[in-house]
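FYI, the numbering just counts along the sequence from 1. FYI, side chains are in, hydrogens and waters are out, and symmetry mates aren't considered; it's all heavy atoms of this structure. Note that the structure is predicted; figures quoted are calculated from it, not measured.
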Amino acid sequence: MSVAIAITSITVEDRMRKDFGPIDELANSIKKYGLLQPIVLGTSGDGTAVLLAGERRLRAVKRLGFTHLEHSKHYVWRGEEGDEDFKTRFKAIELEENLKRKQLTWQEELAGKQQLLEIMQSIYGQPKGGGPPKAFGEAKPGFGIGKLAAMLGEDISTTSQDLKVAALMKQIPALGNAKTKSEVLSKMKIA
């Protein structure tokens, strides 16, 4: 027997993604092929079901008229109950998933990378300098740009450049009005 959860009982907290793209296309795909990747839920400190990953999928199944989700078929749990740091970990899960999914606007992507770096550093600490690890194969402590680039599967120079532009956009919000990241790079002569 499958455990069902009412969609209305799922809490959707403030999310990074603002542009959800074509939900009807996703809904049609789910109607035709089923939900190929389950929605990921977590449990908050008070036992409330919280959306961790899959807001586009959740919106699509709502559009299809779903009122309940079945465990394993439509959703899975991320077992973090009792962890005092669950909100930080849940936000990191959301950001990583969104950075790897439907194309974000370039502004959302850069802000998300900066926020993910900050969250991972709050969990693992700032990177420690001073040369290679003492033992062969031992990882350096802390979380830096190199680890973020590896997590996202991209070149460290791309990640570094994106973080520089994100920092500039915080200082000069008007840069976020540019149509492309290349336009900002050109204006700021970052290469």
Quick check: does any side chain N or O of Gln107 sit under 3.5 Å from a backbone N or O of Gly176, one acting as donor and the other as acceptor?
yes
Backbone N/O of Thr105 and side chain of Glu108: donor-acceptor pair under 3.5 Å
yes
Could you walk me through whether Lys113 and Glu154 pass the salt bridge (charged side-chain N to carboxylate O under 4.0 Å, His left out) test, one step at a time?
CA-CA 12 Å; Lys113 285 181 186 183; Glu154 61 187 28; 2.7 Å; yes
Is there side-chain contact between Leu69 and Val61, with at least one heavy-atom pair below 4.5 Å?
yes
Do Leu148 and Thr159 have side chains that get closer than 4.5 Å, going by heavy atoms?
yes
Show the numbers, then the answer: is there a side chain to side chain contact (heavy atoms under 4.5 Å, CB included) between Asp24 and Arg63?
CA-CA 8 Å; Asp24 287 333; Arg63 190 159 293 169; 2.9 Å; yes
Under 3.5 Å, side chain of Glu183 to main-chain N/O of Ala178, donor-acceptor pair present?
no
Given 3.5 Å as the limit, does a donor-acceptor pair link the side chain of Ser160 with the main chain of Ser157, or not?
no
Under the 3.5 angstrom rule, does the side chain of Trp106 hit a backbone N or O of Lys179 as a donor-acceptor pair?
yes
Donor-acceptor pair, distance only, cut-off 3.5 Å: does the side chain of Arg57 make one with the backbone of Pro38?
yes
Side-chain polar contacts of residues 167-175 - donor-acceptor pairs under 3.5 angstrom, sequence neighbours left out - could you list them?
none

My understanding is that only residues two or more places apart in sequence, or in another chain, count here; which of them pass salt bridge (charged side-chain N to carboxylate O under 4.0 Å, His left out) with Lys62?
none
Looking at side-chain heavy atoms only, is the closest gap between Leu51 and Leu58 below 4.5 Å?
yes
At what distance, to the nearest 0.5 angstrom, does CD of Gln126 lie from CG of Leu117?
7.5 Å
CZ/Phe143 to CD1/Ile119 distance, rounded to the nearest 0.5 angstrom?
11.0 Å
Minimal non-hydrogen separation, Val12 against Glu55, with atom names
CG1-OE2, 3.6 Å
Sub-4.5 Å side-chain heavy-atom contact between Pro127 and Lys147
no
Hey, mind stepping through Thr67 and Ile7 against side chain to side chain contact (heavy atoms under 4.5 Å, CB included) and telling me if it holds?
CA-CA 6 Å; Thr67 58; Ile7 287 178; 5.8 Å; no
Does Lys181 reach the main-chain N or O of Val165 with its side chain, forming a donor-acceptor pair under 3.5 Å?
no
